2 protein chains.
Amino acid sequence: MTLDPRKQKVLRAVTVDYIYSAEPVASQTIARKYNLGVSPATIRNDMADLETEGYLRQPHTSAGRIPSDKGYRFYVDVLMEPEEVPEATARQVRTALQSQTGGLEVAFRQALRFLSLLTEYTAIVFAPHLKGRQVKNLHLVPLDSRNVVVMLVTDPGFVQSRVVELASPLVEGAAEALSRALTQLLRGTTVGCAGRSLREDLEEVVSDPALRRQLLEMLGAGEEGAAGGGMQAEGATNLFKHPEFRDVERIREFLSLLEGKATLVELLAKIANAGGVTVRIGGENHSADLYPYSLVLAPLACQGRPVGTVGVIGPTRMVYSRSISTVQLVAECLADLLERFGR
Amino acid sequence: MTLDPRKQKVLRAVTVDYIYSAEPVASQTIARKYNLGVSPATIRNDMADLETEGYLRQPHTSAGRIPSDKGYRFYVDVLMEPEEVPEATARQVRTALQSQTGGLEVAFRQALRFLSLLTEYTAIVFAPHLKGRQVKNLHLVPLDSRNVVVMLVTDPGFVQSRVVELASPLVEGAAEALSRALTQLLRGTTVGCAGRSLREDLEEVVSDPALRRQLLEMLGAGEEGAAGGGMQAEGATNLFKHPEFRDVERIREFLSLLEGKATLVELLAKIANAGGVTVRIGGENHSADLYPYSLVLAPLACQGRPVGTVGVIGPTRMVYSRSISTVQLVAECLADLLERFGR
DNA sequence: GCTTAGCACTCTCGGCACGAGAGTGCTAAG
DNA sequence: CTTAGCACTCTCGTGCCGAGAGTGCTAAGC
């Protein structure tokens, strides 16, 4: 069931040509541009075979061929020649991200900008969510007698803070004592798993009801924190440069895909547990919404545990080689960053 | 130079009809639907006059009329009947926003969601920027011996925090002493106006170079903080429901307007100092990028000082009456919130 | 048996003409 | 000043046509 060598060459030629031209590829074009040493007629026969085997599609009779999802998959797995990110560019990205002092959120945003700039697709990140992270530290910082900042630090160095208006004023020194007690109580607790016992323990330690409610909320359902529990995207407009987005309906679909998030988050969450760069092509996503898109995604881990996913989304007609190396680069930089913060 | 009463009625009819139908309005349509008691021919004459006076435009000969910017302006200032937000909806918005405990960022985001939902346009907020705010409090919270969270609290209760890796370990108790010293030094300082003297003072108080750099950065150029120093938008896809966005070029323009931000931020910053709801129609914005859009904007203030702007952006063919009342409602809720945090 | 030249066939796409429909502007009468 | 009537203009949808692109098939060649 393997493809004979010439058919592989034809499939590669069709794929590469279509990726760059966005036009169905004709047998003659291949004969002219990629010298396989055979005539258009022969190529035509191979293309017909490749179509019956499911690697190519024809938009309509008497048009050239374009790769099917299966064709892209074979291309990515077997035929594609890897493309390195130019060393100069790579260095630039690395230094920019490593010298980042503005905290993880800012670094993530910058990573997205790089990704969308270098690939010309839309960069997405499923930011490390607080849910599932362990509490490292909890601090109360009094602003004045009635207001206090609650600061929750979780595992890889995410800081989430909120201002609480207390029901009754704090006495001098109470904040520090409470901070110590709470940190001791909560250290190691997993955010999002606020069990009954925790609730009872809190009632003992914290007398102020407003503060207690706020703490429970922060430790609770894993809401979007400052680090962005949800998904972020950058460069949505990039996609509109590509001819598959000539019509408005497609644009609307794509934007509501990004805004709706649910479909994407589900996929990104799954990938967070994968190893290495994953390529998902069109229908492989088993979701009608994602059918016209391909994604190149890399998991993010901190001390061996998965914390999120980063990558790009674009049309199935994607420059996979470049996307893969770029995503890899950016993911590595972010991994370094996560280790640095995660100590 | 004032318009005679019947012409006003005609102008109102054309505007209202066009706002809802998005089709050029014919004299006969007006005669049929808005009974002004005159024949289409008379209305035609009035429309011709209104056109020479600049209130109406004709997309091409033998099409109906549509309002010009000047026409919309007259409609908004004189002809429009105010439309209240239904009490039930208003109550819902108020309670949802007032019971918000997740800090200003979350509340702002929710406000945007309401706005975009209720108006069907794109909601934007120029979030209170730290630049220009006064420092209220500065705290250092040690995480372990080498890492410390720097937390900067500015005037209306914005919290900005970053993790710093110190050049040399902290001794016990040093963090608290430093926090006190820094708060005393910095209280009342305006963020973004880090003068030379401040820099010298910091050198005396803070010996750690990494920490010093971080502090200067946070106090410095007024970068985007956690509260979002820049602009946020919600519901960009809303606009694509409207027929003026049938073609891809317009969509791309709009999205890059939102992503580019500069043009909008400039306008929003100006409005931040205004009083009450401001309506900007098309060309009134004196910016080619904004020419096809109208904005309904309200300033946000805290203790009498301007801190930002909130509103919606949509096509000039906008349901102004509804937009105005909705923006007003949301702005009031946010003002309450700002007062609560600003104590 | 694989490759290839030749040719008929199919499908898309741009251009053009045409007619219907919508709406105006003008004129002249009420 | 208002209005009926009518000619005029412009858009838009439709159908037609021809050019061009590309294939599939057949039969001949190696």
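Please read all numbers here as calculations on a predicted model, not as lab measurements. Proteins come first, then strands; the chains are lettered A, B, ... in the order of their sequence lines, and each starts at number 1.
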(request) Not counting sequence neighbours, list each pair that qualifies as a side-chain hydrogen bond (donor to acceptor under 3.5 Å, both in side chains) and has a residue in residues 290-299 of chain B. (result) B:Ser294-B:Tyr320

(message) Donor-acceptor check, side chain of A:Asn238 to backbone of A:Thr122, threshold 3.5 angstrom: yes or no?
(response) no

(request) Please tell me which of the listed nucleotides, C:dT24, D:dG24, D:dT23, lies nearest to the side chain of A:Ala48? (result) D:dG24

(request) Identify which nucleotide among C:dT24, C:dT3, D:dG24 has an atom closest to any side-chain atom of A:Arg6, counting heavy atoms from C-beta outward. (result) C:dT3

Enumerate the residue pairs fulfilling salt bridge (Lys or Arg N to Asp or Glu O under 4.0 Å) with a member in [range], sequence neighbours excluded, ordered by first and then second residue.
range: residues 242-257 of chain A; result: A:Glu244-A:Arg317
range: residues 12-39 of chain B; result: B:Asp17-B:Lys33
range: residues 277-299 of chain B; result: B:Arg73-B:Glu284
range: residues 54-66 of chain B; result: B:Glu51-B:Arg65

(request) Using atom CE of A:Met47 as one end and atom C1' of D:dC25 as the other, report the distance to the nearest whole Å. (result) 16 Å

(request) Would you kindly give the CG-to-C1' distance between A:Asp4 and C:dG1, to the nearest whole Å? (result) 14 Å

Set of residues satisfying side chain to side chain contact (heavy atoms under 4.5 Å, CB included) with respect to [X], sequence neighbours excluded:
X: B:Arg322; value: B:Glu83, B:Val319, B:Thr326
X: B:Glu234; value: B:Arg109, B:Leu112, B:Arg113, B:Ser116
X: B:Ser325; value: B:Val85
X: A:Arg6; value: A:Asp4, A:Val38, A:Thr42, A:Asp46

(request) Between protein and nucleotides 6-11 of chain D, map the contacts as a letter string: B base, S sugar-phosphate only, - none, heavy atoms under 4.0 Å, written 5' to 3'. (result) ---BBS

(message) For DNA chain C, report each stem as range with range, ordered by first number, or say none. Use Watson-Crick or G-U wobble pairs under 3.5 Å, at least 3 in a row.
(response) C:1-30 with D:1-30

(message) For DNA chain D, which residues of residues 18-40 of chain B approach it to below 4.0 angstrom with any heavy atom?
(response) B:Val38, B:Ser39

